[in-house]
Trainee: 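Provided herewith is a single structure, encoded as structure tokens, for subsequent inquiry.
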Amino acid sequence: MIRVLFFGRLSDRAGIEPWRLPAEGIATVADLIARVAARDPALGRELAAPEVLVAVNQRVVSRSAKVAAGDEVAFLPPVTGG
Amino acid sequence: MIRVLFFGRLSDRAGIEPWRLPAEGIATVADLIARVAARDPALGRELAAPEVLVAVNQRVVSRSAKVAAGDEVAFLPPVTGG
Amino acid sequence: MAAAVRIRIQEADFDLAAEHAWLAASGAGAVVTFTGLVREFDRDLEGRVEGLFLQHYPGMTERLLGEVVEEACRRWPLCAVVVIHRVGRLAPGERIVLVGVAAHHRAPAFAAAALLMDYLKTRATFWKRTDTDRGSRWLDLHDEDRRAAARWEEPW
Amino acid sequence: MAAAVRIRIQEADFDLAAEHAWLAASGAGAVVTFTGLVREFDRDLEGRVEGLFLQHYPGMTERLLGEVVEEACRRWPLCAVVVIHRVGRLAPGERIVLVGVAAHHRAPAFAAAALLMDYLKTRATFWKRTDTDRGSRWLDLHDEDRRAAARWEEPW
């Protein structure tokens with residue numbers, strides 16, 4: 001399984017609980033986004049926005065980065081701390 | 001009378017109590033410095049140092065500034081607050 | 001000597017005097033603190049703020065904060081650094097964040113505190129939602145914050 | 001709206017939490033404080049500091065501090081400013097000075113606090129004598145303090 005986290009405005013749509021998605025057929029972040037889009041097209045469009053960063057196991061990566069079972073993938077809209 | 005104040009290292013020599021000098025014969029700051037130098041030549045030399053500022057009635061002035069009876073004249077070595 | 005470092009993410013408020021005493025105990029000559037407060041008005045929504053909701057990414061946030069504090073310690077000789085960032089629901093006027101830096105001289109203390117704040121605003125994984133009497137919205141990063149953070153990319 | 005201003009010269013220590021609460025009560029979003037402490041070592045005398053003696057010019061100092069706070073308020077939109085400077089005899093580790101600035105945003109709060117400190121160091125009529133185990137001396141202004149103050153002369 002892949003653990004998927006959504007923050008900020010994305011959590012309004014996806015919820016604050018992590019999603020657990022089967023890893024079968026998912027090799028990259030782009031694959032994962034496609035899987036999310038199949039379940040929720042509007043959320044998929046939000047994840048495709050270039051200002052949304054993606055972290056795999058808490059490291060920011062590109063959308064072509066590899067994803068495998070056991071990974072934690074987080075979608076990060078622009079941060080606003082401080 | 002003219003009230004004369006000395007601060008910082010000048011107060012080590014002149015004391016922390018204000019001096020009270022008769023105003024007769026004193027028209028400018030330079031005259032006042034000469035009067036002080038007559039009483040204490042070493043202190044007079046210290047007052048002549050260019051880094052020592054002079055304030056008349058709490059406003060920084062040049063050594064050619066006028067001084068009259070009732071004025072407060074202060075000699076200010078470089079400040080070190082904060 | 002390595003700086004003493006204290007990084008905390010918490011729902012509770014913090015005790016400013018206690019944090020300041022800890023910073024001062026490092027033997028520093030200068031302590032600079034920045035405190036961010038929930039504003040009463042939202043300049044984008046133009047509504048009266050009823051509350052602020054702060055979310056973060058546990059684990060990743062702590063690591064990022066550790067990295068930026070390390071970066072500050074590489075740039076300047078610091079005695080002690082504290083970063084406390086609150087999460088959860090906050091009311092107007094409440095404190096959100098404390099950044100405190102102790103150093104032997106004031107220039108590095110000011111510079112490090114400013115850098116830490118700029119990075120907190122633009123890099124650390126926090127998200128803010130403002131709830132006003134005209135509705136709720138997740139805040140966007142302001143361009144001035146992007147510019148403020150970018151100045152640290154230049155050689156110092 | 002004019003900033004709330006509090007300027008004090010006193011022998012007693014100050015209550016940092018109380019001053020901070022006063023700054024925050026101005027409705028600001030950002031509070032920056034600078035606190036200067038008596039160092040344990042004197043870098044010029046190279047002796048262990050037994051105490052610091054602080055003298056000032058009563059009347060003139062208050063006026064100069066008022067002028068520099070006014071200058072800061074002309075340059076930036078500030079909500080509240082506090083300047084507390086202690087005089088008399090202080091022990092190592094004791095607090096000498098507090099400068100606190102509250103503003104809606106952090107950039108003016110940082111800038112105003114830095115300006116106030118630079119002016120305090122170079123313009124206000126305070127004199128410091130360090131008493132160490134190797135003797136006493138009245139401190140000189142450091143060149144870096146002159147340079148720090150000079151930067152505010154440039155157009156901002």
Side-chain angles (χ1 to χ4, degrees), chain C residues 13-21 23-43 49 52 79-80 92-118 120-121 142 144-145 147-149 151, chain D residues 13-21 23-43 49 52 79-80 92-118 120-121 142 144-145 147-149 151:
Chain C
D13 195 10
F14 44 84
D15 179 337
L16 183 81
E19 300 303 329
H20 204 275
L23 289 165
S26 66
V31 176
V32 170
T33 69
F34 175 90
T35 310
L37 305 155
V38 182
R39 277 189 276 267
E40 313 273 335
F41 289 91
D42 182 299
R43 61 177 166 178
V49 174
L52 196 67
C79 301
E94 277 201 82
R95 300 190 275 210
I96 303 169
V97 61
L98 172 69
V99 161
V101 178
H104 288 302
H105 299 287
R106 72 188 184 290
F110 271 115
L115 173 139
L116 291 170
M117 279 310 304
D118 289 341
L120 266 178
K121 288 268 180 191
H142 286 106
E144 68 204 57
D145 289 324
R147 281 193 299 272
R151 69 187 155 139
Chain D
D13 195 9
F14 44 83
D15 179 338
L16 184 80
E19 300 303 330
H20 204 276
L23 288 165
S26 66
V31 176
V32 170
T33 70
F34 174 90
T35 310
L37 305 154
V38 182
R39 278 190 276 267
E40 313 273 335
F41 289 91
D42 180 299
R43 62 177 164 177
V49 174
L52 196 68
C79 301
E94 278 200 82
R95 301 191 273 211
I96 304 168
V97 61
L98 171 69
V99 160
V101 178
H104 288 301
H105 299 287
R106 74 188 183 290
F110 271 115
L115 173 136
L116 291 171
M117 279 309 304
D118 289 341
L120 265 179
K121 289 269 181 190
H142 287 106
E144 69 205 55
D145 289 323
R147 281 193 299 272
R151 67 185 156 140

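Convention: sequence-line order gives letters A, B, ...; per-chain numbering from 1.
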Trainee: Could you check if a side-chain atom of C:Glu144 sits within less than 4.5 angstrom of a side-chain atom of D:Arg106, using non-hydrogen atoms only?
Mentor: no
Trainee: With a 4.5 Å cut-off on side-chain heavy atoms, are D:Lys121 and D:Met117 touching?
Mentor: yes
Trainee: Who wins among D:Ala114, D:Gly36, D:Ala17 for the most heavy-atom pairs under 4.5 Å with chain C?
Mentor: D:Ala114
Trainee: Tell me, for D:Ala113 versus chain C, whether the close heavy atoms (under 4.5 Å) come from the side chain, the backbone, both or neither.
Mentor: both
Trainee: Please flag which part of C:Ala102 lies under 4.5 Å from any non-hydrogen atom of chain D: side chain, backbone, both or neither.
Mentor: neither
Trainee: Quick check on the interface: out of D:Ala25, D:Ala24, D:Gly27, D:Gly29, who has the most heavy-atom pairs with chain C under 4.5 Å?
Mentor: D:Gly29
Trainee: Which atoms of D:Asp118 come close to chain C, meaning under 4.5 Å heavy atom to heavy atom: side chain ones, backbone ones, both, or neither?
Mentor: both
Trainee: Counting N and O atoms only, with roles assigned by atom type, does the side chain of C:Arg95 sit under 3.5 Å from a partner on the main chain of C:Thr35, one being a donor and the other an acceptor?
Mentor: no
Trainee: With a 4.5 Å cut-off on heavy-atom pairs, point out which of C:Asp15, C:Leu16, C:Val97, C:Thr33 contacts chain D the most.
Mentor: C:Thr33
Trainee: Got D:His20 and D:Val31 here, is their nearest side-chain heavy-atom distance under 4.5 Å?
Mentor: yes
Trainee: Given a strict heavy-atom distance threshold of 4.5 Å, which part of C:Ala30 is in contact with chain D: side chain, backbone, both, or neither?
Mentor: both
Trainee: Considering non-hydrogen atoms only, spot the tightest contact between C:Pro92 and C:Val38 and give its length.
Mentor: CA-CG1, 3.7 Å
Trainee: Could you measure the distance from the CG atom of C:Leu98 to the CG atom of C:Asp13? Nearest 0.5 Å is fine.
Mentor: 10.0 Å
